[in-house]
Enquirer: 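Quick one: the structure is below, questions incoming.
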There are 2 protein chains.
Amino acid sequence: MSLSHAIMTALMDRQLTGYDLAKQFDVSLGFFWSASHQQIYQQLKTLTAASYVAVTEVAQSGKPDKRLYELTESGRSELIDWVAGETKRKPARDDLFVKLYNMGVVDGALLLKQILERQTEHQQRLALYQRIRERGYQQPGKLDQHQQGRFLALLAGIYQERAALQWCDEAILLMQSSADN
Amino acid sequence: MSLSHAIMTALMDRQLTGYDLAKQFDVSLGFFWSASHQQIYQQLKTLTAASYVAVTEVAQSGKPDKRLYELTESGRSELIDWVAGETKRKPARDDLFVKLYNMGVVDGALLLKQILERQTEHQQRLALYQRIRERGYQQPGKLDQHQQGRFLALLAGIYQERAALQWCDEAILLMQSSADN
DNA sequence: CGGTACATGTAATCTGTTACATGATTCA
DNA sequence: TGAATCATGTAACAGATTACATGTACCG
């Protein structure tokens, strides 16, 4: 039940509609936990049934009516228990690494191409993270605790992307040098 | 259908039983894609039905009979198509980062404790990867293509763990310094 | 006598993805 | 007129986790 906790986390700050959540919950939380709108609407139903969230229907003119969700007291305490509980680390499960095991059977150029694509993605993502950092998170020592948490998540993203880019560089170098032979 | 491709990848090299696969497919592939024995047996059934793998029942004395799986020609070509196809990157989905967003609401010490536990896990994992590297993958330029792929996967693991450890250091520093105030 | 290794499964449930479905308003 | 934004859903299927279930042989 972890998407539900991500949703509840987003609802800690403010009330949101399913639509808002679907567009990445919150600009930054979405980087670490995304989900499709279908899944979010289903979870919201489950969470409502469990009374962890409450809905208010809001009629709008010119736009479709919407359902605003907010965290209940029991949702809040459930969330706090979850945060306090153990965190299991699960394997990353990246197709690309599985594909690498097939090098030698499959044309190396095919994999090189995919690594080059990956490299571009990581560069873009890193640039985005760094823009966010510059805008709101200089001087991490002066942030309040709530913002510090967000900063640390962002920092983890930055380190991950940097590591991925380093790896891409090395992989490309090695693959190109052996293709030359 | 990606666990099935991981299974097929392991079967590229040699025939295996479900039991073998369950204990990490192959010492190293398991680091990047693990699965429980239940899931593996189910997938093997599906793969057999699709004729991507073939079974041979092997009677054993003293041990339970076993079923040896091997990749068929059509499985092999399916796998090759998959490798050549696009690789989508999916969000990492790590609970810990979602939990960080609740800093300030939840006692910071709780999260610090979890980060310290993570740090130990990453240290152990990194040490393991480095042992593997020293044993079989010095001089990456001299490896054949097949082994180069494995080396690159391992290297990705090493970079990931290093990045995670760097992050842990920074996070611990920041959290301890603000707890002191 | 108890634990570990070997060996294979079913069933229930939960999570996630893909496809399908609708409908108004605003902007170019 | 057509695309984008706002807004919410159902249904089918695929993938993953947890619980339940069985049985031998070997080592200490």
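Here is how names work: the chains are called A, B, and so on, in the same order as the sequence lines, proteins then strands, and each is numbered from 1. What you see below is based on every heavy atom in this structure, not just the backbone, and it leaves out hydrogens, waters and symmetry mates. All of these numbers come straight from a predicted model, not from anything done at the bench.
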Enquirer: From CG of B:D95 over to C1' of D:dT17, roughly how many Å is that when rounded to an integer?
Expert: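 Rounded to whole Å, this separation is 14 Å.
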
Enquirer: Below 6.0 angstrom between ring centroids: does that apply to B:F97 and B:W167?
Expert: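 Ring centres of B:W167 and B:F97 closer than 6.0 Å.
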
Enquirer: When the distance from NZ of A:K66 to C1' of D:dT5 is rounded to whole Å, what number comes out?
Expert: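 Value for this atom pair: 13 Å.
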
Enquirer: Indicate, with a heavy-atom threshold strictly under 4.0 Å, whether B:Q38 touches base, sugar-phosphate, or nothing.
Expert: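 Base, at least one base heavy atom under 4.0 Å.
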
Enquirer: How close do B:F151 and B:L143 get, heavy atom to heavy atom, and via which atoms?
Expert: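 Heavy atoms only, the tightest pair is CB-CD1, 3.8 Å.
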
Enquirer: Taking atom C1' of D:dA7 as reference, at what distance in whole Å does atom CG of A:L68 sit?
Expert: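 For the pair A:L68 CG and D:dA7 C1', the rounded distance is 12 Å.
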
Enquirer: Looking at B:V83, B:L155, B:L152, B:L154, which one forms a side-chain contact (heavy atoms from CB on, under 4.5 Å) with A:L100?
Expert: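 Result for side-chain contact (heavy atoms from CB on, under 4.5 Å) with A:L100: B:L152.
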
Enquirer: Is it the case that the side chains of B:T9 and A:N102 hold a donor-acceptor pair, with the cut-off being a distance below 3.5 Å and no angle test?
Expert: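 Short answer, yes.
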
Enquirer: Measure the distance from CD on A:Q42 to C1' on C:dT13 and round it to the nearest whole Å.
Expert: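 Distance check: A:Q42 CD to C:dT13 C1' gives 14 Å.
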
Enquirer: As a test of reading the structure: which of C:dT10, C:dT8, C:dT18 is closest to the side chain of A:S36, going by heavy atoms?
Expert: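 It is C:dT18.
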
Enquirer: By nearest atom, which of the nucleotides C:dT15, C:dG9, D:dA7 is closest to the A:Q39 side chain?
Expert: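 Output: C:dT15.
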
Enquirer: For B:Y69 and for A:A35, locate the closest nucleotide of DNA chain C by heavy-atom distance; then report the residue assigned to the nucleotide nearer the 5' terminus.
Expert: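 Result: B:Y69.
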
Enquirer: If you only use heavy atoms from C-beta on, which nucleotide in C:dA7, D:dT8, C:dT17 is closest to the side chain of B:Y41?
Expert: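 Of the options given, the side chain of B:Y41 lies nearest C:dA7.
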
Enquirer: Regarding A:Y129 and A:R133, is there a side-chain donor-to-acceptor distance under 3.5 Å anywhere?
Expert: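 Distance-only check fails for A:Y129 and A:R133.
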
Enquirer: Among D:dT17, C:dC6, C:dT17, which is the nearest nucleotide to the side chain of B:Y19?
Expert: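 When the side chain of B:Y19 is considered, C:dC6 is the closest of D:dT17, C:dC6, C:dT17.
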
Enquirer: Which comes earlier along DNA chain C counting from the 5' end, the contact point of B:H37 or that of B:K88, where each point is its nearest nucleotide?
Expert: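 Result: B:H37.
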
Enquirer: Hey, does B:K90 reach any base, or is it just sugar-phosphate, or nothing, if we go heavy atoms under 4.0 Å?
Expert: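 No contact.
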
Enquirer: B:I40 CD1 to C:dC6 P: how many Å, rounded?
Expert: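 These atoms are roughly 15 Å apart.
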
Enquirer: In whole angstrom, what separates B:E57's CD from C:dA7's P?
Expert: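 Answer to the nearest Å: 14 Å.
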
Enquirer: Does A:K45 make a side-chain N or O approach to OP1 or OP2 of D:dT10 shorter than 4.0 Å?
Expert: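 Affirmative; the distance criterion is met.
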
Enquirer: Between C:dT17, D:dG9, D:dG15, which nucleotide has the shortest distance from any of its atoms to the side chain of B:Q43?
Expert: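 The nucleotide sitting nearest to the side chain is D:dG15.
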
Enquirer: Between A:D20 (CG) and D:dT5 (C1'), how many Å, whole number?
Expert: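 Roughly 12 Å, once rounded to whole Å.
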
Enquirer: Can you measure B:R93 atom CZ to D:dT17 atom P for me and round it to whole angstrom units?
Expert: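 Atom-to-atom, B:R93 to D:dT17, this comes out as 13 Å.
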
Enquirer: Taking only N and O in the side chain of A:K23, is any of them less than 4.0 Å away from OP1 or OP2 of D:dA7?
Expert: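 Negative; the distance criterion is not met.
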
